[in-house]
Amino acid sequence: MPSDTEEASQPTVNGDNVRALCDVVRELPIRAVIDLLSIGVCTRCILRLFGIREHVYYRSSLSPSMLSSLLGDSTCSEKHMVDGNFREPVVCSICLGILQFTYWEDKKLVTENESANELAVSISSLIRQQGFEIDSYSLEVSIPPIVLENDHTVWLYMKRKYESEPWFQGKSISECISAKDALKISLMESLETMLGCKSNISAFRIRLTYTHRISSKTVENSVEGCHGGKRRKTGAGNGLNTIDDDFKCSGPPIEAGAVVERSFVSFQANESSECLKLPLGQSNEPCCLEFHCYRTQIYVGGRYLKYSRNVSQTCWIIDDERMGEASVEEILGSNILPLCRGDNYKFHAAGREDIDVRMLGSGRPFLLEIQNARYIPSEESVKFLETKINNLEKKLVGVKNLKLLGSQSWELMREGEAEKQKQYTALVWISRPLKDEDLQSISSLEDLHILQRTPIRVLHRRSPLEREKIIHWMRIERIVGSSQYFLLHLCTQAGTYIKEFVHGDLGRTQPSIGSIFTCRAEILRLDVTDVKMECFLTE
């Protein structure tokens, strides 16, 4: 990304750009220009109201004298009136300083910039200061609804005054450039040069939020006057209530904008009335600007293995006491987050195992959602990180197939979670010796349907429900030298409580290994040996 000092030179309009500017400006009706200047409209707003977008927003300065020099068929006295009688307003009565690049910053200092270039320098500096590495960006702009209201007010005034003149025939407000789009046009060239990348649909966002302490009340008051003093009830929910002096938005911009749009439908139906009066109430106070940059979440995922029976999946604290020596979430997060230089992370997994259950085999699918990452890791750096995690001194957790993933991977993992099958190996003890027919009876049971009421051990945090689950297959492996201990291998539907299926949970699971063998059965150890899901299986 080029340095700000290298790219901070002011953009100018010359050569072909001057000719293009002359071509469009000399077509402007000078009487309308004088009218707009008289009510405190800035030069950029005049140009955008006439739908002009060719290069003019890249100039280092735009002024009434510039308009005078470029206007076409007008008398010398009219040009002199533009040049001599009108100066650029301190704060535009329509955009409230947005297109003059004048704004409140940090609630104290009014910053006045001659062009968008200086604002672009500030944005570029913020991105560097926060350490972002980017290859594209998306610019988001939020402006107060009163600016949209001002646009409509001036347009309807011009329509009533000039609609009979030839230059106005066939024009509509849709041809105007919004203040938001004009600002984006103004900033785009400088930002692309300073950041060394193009504006595009991007996960990296630059957000400019303009607010103003004068709420959008003109529409409300005008509607009240046009309807015989009938007052419409307002409240915090309408997005248009007055805000306090700390310049915070009064409501969602979309909602407020919609209210303004609906109000002007009514205005257009009553445009011959006295609802709209000009000049606008001029404000000498610009908007407050807050700008920040952020990256939408990125995902690093794969499959994790848990080798310890004293590690929980997520951080588990009861009464300020940690359960277990660590968690999968913390081990993976503490290694992946620094690589991406993010603010924080969220851990997602396809199901979970108890703290005393190991996760072996192909591992369990997981995603680590990184918030506001400053760096997008390369494939090589992710593979290096996988090796690092697998070689940690304490072999508590391992990972497989670690990679940078798209947001669709979250949906893929969630979709497969409910349908997945899981395989287990359990160390089981029964109260009588194991018989050969026990092995045959267990292996003959396929797609065994069981009913499980919510286990007693989790009733304090789960709803008391009865769930039907399927045991797809089972197989018993004898342990040499023991007649009452054996390994039970089984494959079940997702969500089956394996411990309760073995010991029966005081009859709350039917059938169980204990009821099938007609004896007491206890599970001593349990391992998950496979999570049968397609996601994150391959390199």
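No experiment lies behind these values; they were computed from the predicted model shown.
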Determine, for Phe517 and Arg432, whether the Lys NZ or Arg CZ falls below 6.0 Å from the six-membered ring centre while staying within 45 degrees of the axis. yes
Given side chains that start at C-beta, do those of Ile498 and Leu490 come closer than 4.5 Å, heavy atoms only? yes
Would Thr454 and Arg467 satisfy side-chain hydrogen bond (donor to acceptor under 3.5 Å, both in side chains), going step by step from the backbone distance to the final call? CA-CA 8 Å; Thr454 302; Arg467 304 169 180 84; 3.0 Å; yes
For the residue pair Ile370 and Arg295, establish whether any side-chain heavy-atom pair is separated by less than 4.5 Å. no
Is a salt bridge present between Lys499 and Asp354, judged by a nitrogen-to-oxygen distance below 4.0 Å? yes
Is the closest side-chain donor-acceptor distance between Thr425 and Asp527 under 3.5 Å? no
Dump the intermediate steps for side-chain contact (heavy atoms from CB on, under 4.5 Å) on Thr209 and Leu289, then the final yes or no. CA-CA 6 Å; Thr209 303; Leu289 171 61; 5.7 Å; no
Test side-chain contact (heavy atoms from CB on, under 4.5 Å) on Ile206 and Leu195; report intermediate values, then the result. CA-CA 12 Å; Ile206 301 168; Leu195 299 178; 4.0 Å; yes
We want to know whether Glu446 and His472 form a side-chain donor-acceptor pair, criterion being a heavy-atom distance below 3.5 angstrom. no
Rounded at 0.5 Å granularity, tell me how far OG in Ser483 sits from CZ in Arg478. 8.5 Å
Evaluate the ring planes of Trp410 and His348, with Trp represented by its six-membered ring, and classify them as parallel (under 30°), tilted (30 to 60°) or perpendicular (over 60°). perpendicular
Is there a side-chain contact between Asp505 and Tyr497, using heavy atoms and a 4.5 Å cut-off? no
Which heavy-atom pair separates Ser124 from Met194 by the least distance, and what is that distance? OG-CB, 3.9 Å
Checking side-chain polar atoms at under 3.5 Å, does Ser138 have a donor or acceptor matched by the opposite partner on Ser202? no
Any idea which heavy atoms bring Cys293 and Asn372 closest together, and the distance? O-OD1, 4.3 Å
Would you check if the side chain of Gln297 reaches a backbone N or O of Glu369 as a donor-acceptor pair within less than 3.5 Å? no
Exactly one of Ile185, Leu187, Asp181 clears side chain to side chain contact (heavy atoms under 4.5 Å, CB included) with Leu183, and that residue is Leu187
Indicate yes or no for a side-chain donor-acceptor contact from His212 to the backbone of Val147 under 3.5 Å, with no hydrogens or angles considered. no
Where Leu368 and Gly333 come nearest, the two heavy atoms and their spacing: CD2-CA, 3.6 Å
Enter the distance from Asp151:CG to Ile146:CD1 here, rounded to the nearest 0.5 Å. 11.5 Å
Answer yes or no: is there a donor N or O on one side and an acceptor on the other, between the side chain of Asp438 and the main chain of Leu434, under 3.5 Å? no
Asp530/Lys420 ion pair, N-O < 4.0 Å: no
If every non-hydrogen atom of Met533 is compared with every non-hydrogen atom of Ala350, which pair is closest and at what distance? SD-CB, 3.6 Å
Any side-chain heavy-atom pair of Val399 and Leu385 under 4.5 Å: no
More than 12 heavy atoms of other residues, nucleotides or ligands under 6.0 Å from NZ of Lys346: is that the case? no
Do Ile450 and Gln510 touch side chain to side chain, with heavy atoms closer than 4.5 Å? no
For a 4.5 angstrom cut-off between non-hydrogen side-chain atoms, does Ile479 reach Leu427? yes
When you compare the side chain of Val300 with that of Cys340, does any pair of heavy atoms fall below 4.5 Å? yes
Less than 4.0 angstrom from a charged side-chain N to a carboxylate O is my criterion; do Lys403 and Glu379 meet it? no
What is the distance from atom CD1 of Ile376 to atom CG of Asp135, rounded to the nearest 0.5 Å? 8.0 Å
Partner of Arg364 under side chain to side chain contact (heavy atoms under 4.5 Å, CB included), picked from Arg303, Lys400, Met359, Lys306, is Met359
In terms of side-chain geometry, is the basic nitrogen of Arg520 or Glu522 positioned less than 4.0 Å from the acidic oxygen of its partner? yes
What's the verdict on ring pair (Phe, Tyr, Trp, His ring centres under 6.0 Å) for His292 and Tyr294, showing C-alpha distance, side-chain angles and the deciding distance? CA-CA 7 Å; His292 70 280; Tyr294 66 98; 5.6 Å; yes
Quick one: OH on Tyr137 to CG on Asn200, what's the gap to the nearest 0.5 Å? 10.0 Å
Is any side-chain N of the basic residue among Arg352 and Glu329 closer than 4.0 Å to the acidic one's carboxylate O? no
Can you tell me if Gln493 and Thr496 form a side-chain donor-acceptor pair at under 3.5 Å? no
If the threshold is 4.0 Å, N to carboxylate O, is there a salt bridge linking Arg457 and Glu500? yes
Hey, what do you get for CD1 (Ile476) to CD (Gln440), rounding to the nearest 0.5 Å? 10.5 Å
Find out whether Leu448 and Leu445 are in side-chain contact, i.e. whether some heavy atom of one side chain is under 4.5 Å from a heavy atom of the other. yes
Just by distance, with hydrogens left out, do Thr296 and Arg205 show a side-chain donor and acceptor under 3.5 Å apart? no
Does Arg374 qualify as a cation-pi partner of Phe132, given the criterion of NZ or CZ under 6.0 Å from the six-membered ring centre and within 45 degrees of its axis? yes
Taking every heavy atom of Thr492 against every heavy atom of Ile471, the minimum-distance pair comes out as CG2-CD1, 3.7 Å
Given 3.5 Å as the limit, does a donor-acceptor pair link the side chain of Thr518 with the main chain of Ser515, or not? no
Glu386/Lys383 ion pair, N-O < 4.0 Å: yes
Just checking Glu321: does its CD atom have more than 12 heavy atoms from other residues, nucleotides or ligands closer to it than 6.0 angstrom? no
Do other residues, nucleotides or ligands put more than 12 heavy atoms under 6.0 Å from the CD atom of Glu468? yes
Look up atom CZ in Phe291 and atom CG in Leu208, then write down how far apart they are to the nearest 0.5 Å. 7.5 Å
Within 6.0 angstrom of Arg508 CZ, more than 12 heavy atoms from elsewhere: yes
Would you tell me whether Ser378 and Ser381 have side-chain atoms, one donor and one acceptor, within less than 3.5 Å of each other? yes
Lys395 side chain to Tyr307 main-chain N or O, any donor-acceptor pair under 3.5 Å? no
Looking at every non-hydrogen atom in both residues, tell me the closest pair between Phe366 and Tyr304 and how far apart they are. CD2-N, 3.6 Å
Expected output: side-chain Ser482 to main-chain Tyr485 donor-acceptor under 3.5 Å: yes
Tell me if a side-chain donor or acceptor on Thr193 pairs with a main-chain N or O of Glu189 at a distance below 3.5 Å. yes
Could you check whether any side-chain N or O of Glu192 sits under 3.5 Å from a backbone N or O of Ser199, counting only pairs where one atom can act as donor and the other as acceptor? yes
Any side-chain donor paired with an acceptor under 3.5 Å for Gln421 and Gln423? no
Any donor and acceptor pair, going by atom type alone, linking the side chain of Ser312 with main-chain N or O of Thr314 inside 3.5 Å? yes
Arg453 bridged to Glu466 by N-O distance under 4.0 Å: no
Under a 4.0 Å threshold between the charged nitrogen and the carboxylate oxygen, would Arg341 count as salt-bridged to Glu133? yes
